[in-house]
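Taking it in order: structure first as C-alpha cells, then the write-up.
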Amino acid sequence: MKPVNIAVTAASFCGNKGAAAMLQSGIKQLHERYGTALRITLMSTYPERDLEIIAAMPENYGFINVVNAKPEKLMLLAFPIAVLYGLFGRIVPLRKLLARNKIIRAYTECNMVVDMAGVSFVDSRGFVMNTYAFVCAAVPMLCGVPVCKYSQALGSFKNPYNRFLAKLVLPKLRLICARGEITRNHLAKIGITENVRLCADGAFTMTDGGQYAENVSKLCKNDVFYSGNIIGVSPSSVVDKRCRKLGIDYKKIMTEFIERLLAENYSVLIIANSAREGSRKPRNNDLPVCAEVYEAVRDKTYIRFFPNEMFPEELRLLIGKCKVLAASRFHAMIGALERGVPVLLVGWSHKYKEVLDMFGLGEYAADYSELTSDKLWTEFKRLLENLSEIHVKISENLPRVKESSRENIALISEEIDKVINYAQET
C-alpha cells in the first residue's frame with residue numbers, strides 16, 4: 001500500500017490535554033486502519049515540547065513528524081506564501097521556490113489535512129482567534145490539499161467578520177464533523193449543511209490502559225486519600241480570564257467551594273486539564289490558576305494537586321476516581337462522562353451544553369457570567385440530590401455517544417480513501 005500522508009493542524013500534545021486526547025484517539029484509529037502505510041505530520045504550536053512528549057510516550061510513534069507551525073509563522077509567513085502558491089503554483093520554478101517554506105512543503109506532501117481545533121469560528125473568540133481558525137484551513141487548501149474538520153464546536157456566526165470567514169472557507173471543506181446539535185444548527189443558519197455530519201467528541205474513544213494505568217496506580221499507591229469521598233475540581237484559565245473581565249473573582253469562588261467541600265468531609269482532587277509545565281503564561285495552561293487556588297486553601301490535608309504536565313490518559317484515570325467533577329475545562333468533562341462520573345460545569349460556550357445534551361444532562365451546564373459562590377454550591381447540592389438519575393443517564397447514553405465518536409475517523413477515512421484512489425487513478 002502506498003503511504004497515507006495525513007497532516008494534523010490546530011492541535012498539540014503539549015498544553016491543552018483535550019487536544020492531546022483528540023490527537024491520541026485520532027492517530028490510534030488511523031493507525032489501526034492504515035497500519036505501516038500511515039505517516040502523520042503534526043503541525044505543532046509547541047514543536048519542541050511536542051517532540052519531548054512524543055519521545056516519552058509508551059507508544060511507538062516513529063511515524064509522526066513534527067513541523068513548527070506556531071501561529072505567528074502560520075499567519076504572517078505561511079499564509080501569504082500559500083496565497084502566492086495558489087495563484088502561481090502551476091509555474092514549476094516558482095512552485096519549488098515557494099515550497100521551500102517548511103509549512104508549505106509539509107502540506108504539499110500530504111493527502112489530507114485533519115483540523116483538530118476544539119472550537120473554531122466562534123463569535124466570542126474575537127478577531128485574532130477567528131483569523132487563526134481561517135488560516136489553519138485556508139493554507140492547506142491554497143496548496144491544493146483537502147481539509148476535514150474533526151469533531152468540534154463552531155458558531156455562532158452573528159459577528160460579520162466571523163461569518164464572512166466561515167462562509168468563505170467552511171463550504172469548501174471535504175467534511176465538517178459537528179460536535180453537537182447546537183453547532184449543526186449554527187452551521188445550518190449560514191447555509192452550510194451538505195458537508196456536515198454530527199459526531200461526538202473524538203476524545204470519547206481515547207484508550208487509557210497499559211502503561212498509563214500503571215503510572216496512575218503507582219501515583220495513588222499507599223495514599224489513603226484515594227479511598228476517600230473525592231470531588232474533582234478542574235479550574236480553567238480561560239474561564240478565569242472571562243470572569244475577571246466581568247469583575248468576578250473566579251479563583252476566590254473556587255477556593256471557597258473547595259473549603260466548603262472540605263468542611264463537609266469531602267476530599268478534593270484539583271486537576272489541571274491544560275498544562276505547560278515551567279510556564280507562567282495562562283495560554284493553554286491551567287497550572288498557575290490551579291496552584292493559586294491550592295495555595296489559598298488553608299488546610300491541605302485532604303487535597304491533592306499535581307503541579308506538573310501529565311498525559312491525558314493519566315488525567316482521565318484520576319478523574320475516574322472521583323464521585324463528582326466540578327469542571328470549567330471541556331475535556332475534563334469528557335473524561336468524567338467517559339468514566340461515568342457526574343459533572344457540574346461552569347463554562348463559556350455552547351460546546352459544554354451540546355455534549356451534556358447528548359446525555360440528557362444539559363441542565364448541569366452553568367454560564368460563567370452568573371457565577372457566585374452560593375450559586376455554585378447550590379448547583380453542586382442539586383447535582384448530589386440527583387446522582388442516581390445522572391448515573392443512569394450516563395450509562396444509557398455512553399455507548400451511543402462513543403459510537404458517534406468513532407464516526408469521526410470512519411468518515412474522515414472515507415474522504416482519505418477517495419483522495420488516494422483519485423490520486424492513484426490520475
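Taking the charged nitrogens against the carboxylate oxygens, Glu338 and Lys402 do have a contact shorter than 4.0 Å, which makes a salt bridge. With respect to the salt-bridge test (charged N to carboxylate O, under 4.0 angstrom), the residues Arg400 and Glu403 do not qualify. Between Glu259 and Arg298 there is a salt bridge, since a side-chain N of the basic residue sits under 4.0 Å from a carboxylate O of the acidic one. By the 4.0 Å N-to-carboxylate-O rule, Lys353 lies too far from Asp367 to be salt-bridged with it.
Asn284 and Tyr46 share a donor-acceptor pair across their side chains, judged by distance under 3.5 Å alone. In this model, no donor atom of one side chain and acceptor atom of the other lie less than 3.5 Å apart for His331 and Asn16.
Between Phe330 and Tyr352, the ring-plane angle classifies as perpendicular under the 30° and 60° cut-offs. The aromatic rings of Phe79 and Phe134 stand perpendicular to each other, their planes meeting at an angle above 60°, with 30° marking the opposite boundary. Taking the six-membered ring where tryptophan is involved, the planes of Phe63 and Tyr61 are perpendicular, since the angle between them exceeds 60° and thus also 30°.
How far OG1 of Thr41 is from CD of Glu109: 7.5 Å, rounded to the nearest 0.5 Å.
Heavy-atom neighbours of Phe164 CZ from other residues, nucleotides or ligands within 6.0 Å: at or below the threshold of 12. More than 12 heavy-atom neighbours from other residues, nucleotides or ligands sit within 6.0 angstrom of NZ on Lys393.
Screening Val293, Thr255, Leu371 for a side chain to side chain contact (heavy atoms under 4.5 Å, CB included) involving Tyr250 leaves a single residue, Leu371.
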Steps toward salt bridge (Lys or Arg N to Asp or Glu O under 4.0 Å) verdict (Arg316, Glu313)
CA-CA 5 Å; Arg316 191 166 73 179; Glu313 294 88 346; over 6 Å; no
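Phe157 and Phe121 have their aromatic ring centers separated by at least 6.0 angstrom.
For the pair Lys323 and Tyr266, the cation does not sit on the ring face, since its NZ or CZ is not both under 6.0 Å from the ring centre and inside 45° of the axis.
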